[in-house]
Amino acid sequence: MNNVFRAKRTRAKIHGTAERPRLSVHISNQHVTAQIIDDDNSKTLAYASTVGSKAKGSKTELATAIGKEIADKAKKAKIKTVVFDRGAKLYAGRMSALADAARKEGLEF
């Protein structure tokens, strides 16, 4: 139950706009999902996930691959800066691997 409160507390402080959308990341036991969301218009601008893919490797390697993929899709959508939304997860391990990979590809946050 504490994770729900942590996620609400995190999301209460951030808001994605058209100029600077929100990069929402969800990491489960099996999959990694990232999406770039414009909260003003309630639209998903870019989406990347391991669900349905044949990607192999450790969870950290999958998170790194998703970070690169979401940054590439953001470039195609002409998005340069985002607000990072980690949800209920702490910024460590897989979460930081995804963020570092996205930063290396040119996404700013």
Side-chain angles (χ1 to χ4, degrees):
M1 196 65 165
N2 289 337
N3 289 343
V4 174
F5 294 121
R6 185 183 303 137
K8 285 184 181 182
R9 184 175 63 235
T10 303
R11 289 201 179 101
K13 298 175 185 176
I14 59 177
H15 181 79
T17 62
E19 296 81 33
R20 192 167 179 190
R22 175 169 56 106
L23 172 61
S24 178
V25 178
H26 177 70
I27 299 176
S28 70
N29 289 337
Q30 295 180 343
H31 296 290
V32 179
T33 303
Q35 56 183 336
I36 297 177
I37 304 166
D38 177 6
D39 289 322
D40 289 341
N41 298 321
S42 300
K43 286 197 168 191
T44 299
L45 306 173
Y47 175 80
S49 178
T50 59
V51 177
S53 71
K54 306 269 187 214
K56 297 285 183 185
S58 68
K59 301 286 188 315
T60 305
E61 292 168 351
L62 293 175
T64 302
I66 293 299
K68 289 179 184 178
E69 185 179 343
I70 196 72
D72 289 338
K73 288 184 178 184
K75 277 185 197 173
K76 289 178 185 173
K78 298 180 181 175
I79 299 168
K80 294 181 181 180
T81 60
V82 294
V83 179
F84 192 71
D85 177 12
R86 61 183 172 81
K89 296 283 187 181
L90 297 177
Y91 187 84
R94 297 175 193 150
M95 188 69 67
S96 65
L98 187 144
D100 291 341
R103 281 191 187 108
K104 284 183 184 176
E105 292 296 316
L107 202 59
E108 296 176 16
F109 51 93

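Reckoned from all heavy atoms, side chains included, excluding hydrogens, waters and symmetry mates.
- One distance of note links NZ of Lys68 with CG of Asp100; it measures 11.5 Å at 0.5 Å rounding.
- Residues Tyr91 and Leu62 do not share a hydrophobic cluster, defined by chaining ILVMFWY side chains whose heavy atoms lie under 4.5 Å apart.
- The side-chain hydrogen bond (donor to acceptor under 3.5 Å, both in side chains) contacts involving residues 73-83 comprise Glu69-Lys73, where partners must be two or more places apart or lie in separate chains.
- Hydrophobic clustering (side-chain heavy atoms under 4.5 Å, transitive across Ile, Leu, Val, Met, Phe, Trp, Tyr) keeps Val25 apart from Val51.
- Within the model, atoms OG of Ser58 and CZ of Arg94 stand 8.0 Å from one another, a figure rounded to the nearest 0.5 Å.
- Atom CG in Asp40 sits 11.0 Å away from atom CZ in Arg22 (nearest 0.5 Å).
- A continuous path of ILVMFWY side-chain contacts below 4.5 Å connects Ile79 to Ile66, so both sit in one hydrophobic cluster.
- Rounding to the nearest 0.5 Å places CG of Leu107 at 10.0 Å from CG of Asp72.
- For the pair Ala71 and Ala102, the tightest heavy-atom approach, listed with the atom from each and the gap, is CB-O, 3.8 Å.
- Listed by first then second residue, pairs satisfying side-chain hydrogen bond (donor to acceptor under 3.5 Å, both in side chains) with a partner in residues 46-55 read His31-Thr50, Thr33-Ser49, not counting sequence neighbours.
- Two different hydrophobic clusters hold Leu98 and Val83 under the rule that ILVMFWY side chains link at heavy-atom gaps under 4.5 Å.
- A heavy-atom distance below 4.5 Å is found between the side chains of Pro21 and Val82.
- Using a 4.5 Å cut-off between side-chain heavy atoms of Ile, Leu, Val, Met, Phe, Trp and Tyr, with links allowed through other members, Ile70 and Leu45 fall into the same hydrophobic cluster.
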Side chain to side chain contact (heavy atoms under 4.5 Å, CB included) between Phe84 and Met95, intermediate numbers included:
CA-CA 10 Å; Phe84 192 71; Met95 188 69 67; 3.7 Å; yes
